[in-house]
Amino acid sequence: MDLLSRDLRDLSSADIQQICNDQVAEGATLEFKADLPSNDGKGKDPWHRGARFSDYARNSLAREIVAFANTFGGALVLGINETKDKPSRAESTNPLPRVHDLERSLRQALQDTIDPPLPMLESASIPLDDDGNGVVVFRVPTSRRRPHRVDASREAFVRRTDESVRISMREIQELTIQNLAETRRIDDTIQNV
């Protein structure tokens, strides 16, 4: 199942289960998170207690989205347990509470914390039970406005194999120059049509 080309509105709980059954691997364009990231890596985010998700969770997820936008584009699936091997593979679902509210709130928070703003960030909530628990899928294409950064830390990230890594100022400059060259090529092509 290809999360990069499929209409997110068409995803179902069966599709999510199939990702786990197939043990789909993380890679340059796919990241799984079992839960909202927490500061200590052990506790549950305040979202599980009915509160707003933490800034730490938002910024951690923004890092993944920024890395995808700055590289090849990609999808982040929140609510899937991963295997311990490298690269990690989807293992089982880990339904998150109030998934529809979480998707809407997180999408807006991510848009607000990424600079410059992403031209496109798609998201979908997929309930896995009748209580509104499920997974959230975010998808972003390669951005023509890159390099993007996480506003809170002012850091930019790219995707390298199955990891999002912070890049240096030199790499940010190279990415900016590369993006300008691509934009010029597109402008030249349009003018010559």
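In this text the structure is predicted, and so the values were computed from the model without any measurement. This chain uses plain numbering: 1 for the first residue, then up along the sequence.
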Exercise for review: Determine, stepwise, if the pair Ser153 / Asn59 fulfils side-chain contact (heavy atoms from CB on, under 4.5 Å).
Suggested key: CA-CA 8 Å; Ser153 66; Asn59 294 340; over 6 Å; no

Review point. Given the rule that I, L, V, M, F, W and Y join up when any side-chain heavy atoms are under 4.5 Å apart, are Ile167 and Val66 in one cluster?
Key: no

Check your understanding: Is the backbone N or O of Arg146 less than 3.5 Å from a side-chain atom of Asn70, with the two atoms forming a donor-acceptor pair by type?
Key -> no

**Study point:** Ala34 backbone acceptor or donor facing Asn94 side chain under 3.5 Å
**Key:** yes

Check your understanding: Heavy-atom distance under 4.5 Å between the side chains of Leu128 and Asn133, does that happen here?
Key -> no

Review point. Taking side chain as C-beta onward, heavy atoms only, is Phe68 less than 4.5 Å from Glu31?
Key: yes

Exercise for review: Decide if atom CZ of Arg144 counts as having more than 12 heavy atoms of other residues, nucleotides or ligands within a radius under 6.0 Å.
Suggested key: no

Exercise for review: Using the rule that two of Ile, Leu, Val, Met, Phe, Trp, Tyr join whenever any of their side-chain heavy atoms come within less than 4.5 Å, decide whether Val158 and Val140 are in one cluster.
Suggested key: no

Check your understanding: Would you say the side chain of Pro37 lies within less than 4.5 Å of the side chain of Leu61, judging by non-hydrogen atoms?
Key -> yes

**Study point:** Value rounded to 0.5 Å, distance of CD in Glu82 from SG in Cys20
**Key:** 10.5 Å

Study note, to complete from the structure: Heavy-atom nearest pair, Gln111 first then Leu121, reads NE2-CB, 3.6 Å

Check your understanding: Are any non-hydrogen side-chain atoms of Ser105 and Arg52 less than 4.5 angstrom apart?
Key -> no

Exercise for review: Give the minimum heavy-atom separation between Ile80 and Ile19, together with the two atoms involved.
Suggested key: CD1-CG2, 4.3 Å

Exercise for review: Start with the C-alpha distance between Val77 and Leu30, add both sets of side-chain angles, then the distance that settles side-chain contact (heavy atoms from CB on, under 4.5 Å), and finish with yes or no.
Suggested key: CA-CA 8 Å; Val77 185; Leu30 183 60; 4.3 Å; yes

Check your understanding: To the nearest 0.5 Å, how far apart are CG in Leu78 and CD in Glu64?
Key -> 10.5 Å

Review point. Any idea which heavy atoms bring Ser13 and Ile126 closest together, and the distance?
Key: N-CG2, 3.6 Å

Practice item. Search all heavy atoms of Pro127 against all heavy atoms of Ser125 and return the closest pair with its distance. Key: CD-O, 3.7 Å

Review point. So, does Arg139 use its side chain to make a donor-acceptor pair with the main chain of Arg6 at under 3.5 Å?
Key: yes

Check your understanding: Could you state the interatomic distance from CG (Asp101) to CG (Leu106), rounded to the nearest 0.5 Å?
Key -> 11.0 Å

Check your understanding: When rounded to the nearest 0.5 angstrom, what distance separates CG in Leu36 from NE2 in His48?
Key -> 5.5 Å

Point to revise | Under 3.5 Å side-chain donor-acceptor pair for Glu91 and Thr83 | key: no

Review point. Do Glu171 and Ser168 meet the criterion of a side-chain donor-acceptor pair at a distance under 3.5 Å?
Key: yes

Check your understanding: Does some side-chain heavy atom of Met169 sit less than 4.5 Å from a side-chain heavy atom of Gln173?
Key -> yes

Practice item. Could you tell me whether Arg58 and Asp55 make a salt bridge, using a distance below 4.0 angstrom between a side-chain N and a carboxylate O? Key: yes

Exercise for review: Answer yes or no: is there a donor N or O on one side and an acceptor on the other, between the side chain of Asp22 and the main chain of Val24, under 3.5 Å?
Suggested key: no

Exercise for review: Report, as yes or no, whether the 6.0 Å neighbourhood of atom CZ on Phe72 holds more than 12 heavy atoms from other residues, nucleotides or ligands.
Suggested key: no

Practice item. Please report the C-alpha distance between Leu11 and Leu3 in whole Å, then the side-chain angles of each, then the deciding distance to 0.1 Å, and finally whether the side-chain contact (heavy atoms from CB on, under 4.5 Å) criterion is met. Key: CA-CA 9 Å; Leu11 291 178; Leu3 286 174; 3.8 Å; yes

Check your understanding: Would you say Arg166 has more than 12 foreign heavy atoms packed within less than 6.0 Å of its CZ?
Key -> no

Exercise for review: To the nearest 0.5 Å, tell me how far Ser88 OG sits from Lys33 NZ.
Suggested key: 9.5 Å

Check your understanding: In terms of hydrophobic clusters joined by side-chain contacts under 4.5 Å, are Ile114 and Phe53 together?
Key -> yes

Exercise for review: Establish whether Val136 and Leu110 are linked, either directly or via other cluster members, by ILVMFWY side-chain heavy-atom contacts under 4.5 Å.
Suggested key: yes

Review point. Does some side-chain heavy atom of Ser143 sit less than 4.5 Å from a side-chain heavy atom of Pro119?
Key: yes

Check your understanding: Under 3.5 Å, side chain of Thr142 to main-chain N/O of Gly73, donor-acceptor pair present?
Key -> yes

Review point. Heavy atoms, side chains only, cut-off 4.5 Å: are Val99 and Val135 in contact?
Key: no

**Study point:** Contacts of Asp129 that satisfy salt bridge (Lys or Arg N to Asp or Glu O under 4.0 Å) - sequence neighbours left out
**Key:** none

Study note, to complete from the structure: So CG of Asp187 and CG of Asn192: to nearest 0.5 Å the spacing works out to 11.0 Å

Review point. Do the non-hydrogen side-chain atoms of Trp47 and Leu96 ever get within less than 4.5 Å of each other?
Key: no

Practice item. Say whether Asn179 and Thr176, considering side chains only, have a donor N or O and an acceptor N or O under 3.5 Å apart. Key: no

Review point. Would a distance-only check, ignoring hydrogens and angles, find a side-chain to backbone donor-acceptor pair under 3.5 Å from Glu26 to Phe32?
Key: yes

Exercise for review: Check the pair Leu175 / Gln178 against side-chain contact (heavy atoms from CB on, under 4.5 Å), numbers first and verdict last.
Suggested key: CA-CA 5 Å; Leu175 193 56; Gln178 176 188 12; 3.6 Å; yes

Check your understanding: Can you find a side-chain donor-acceptor pair between Arg159 and Thr71 that sits under 3.5 Å?
Key -> no

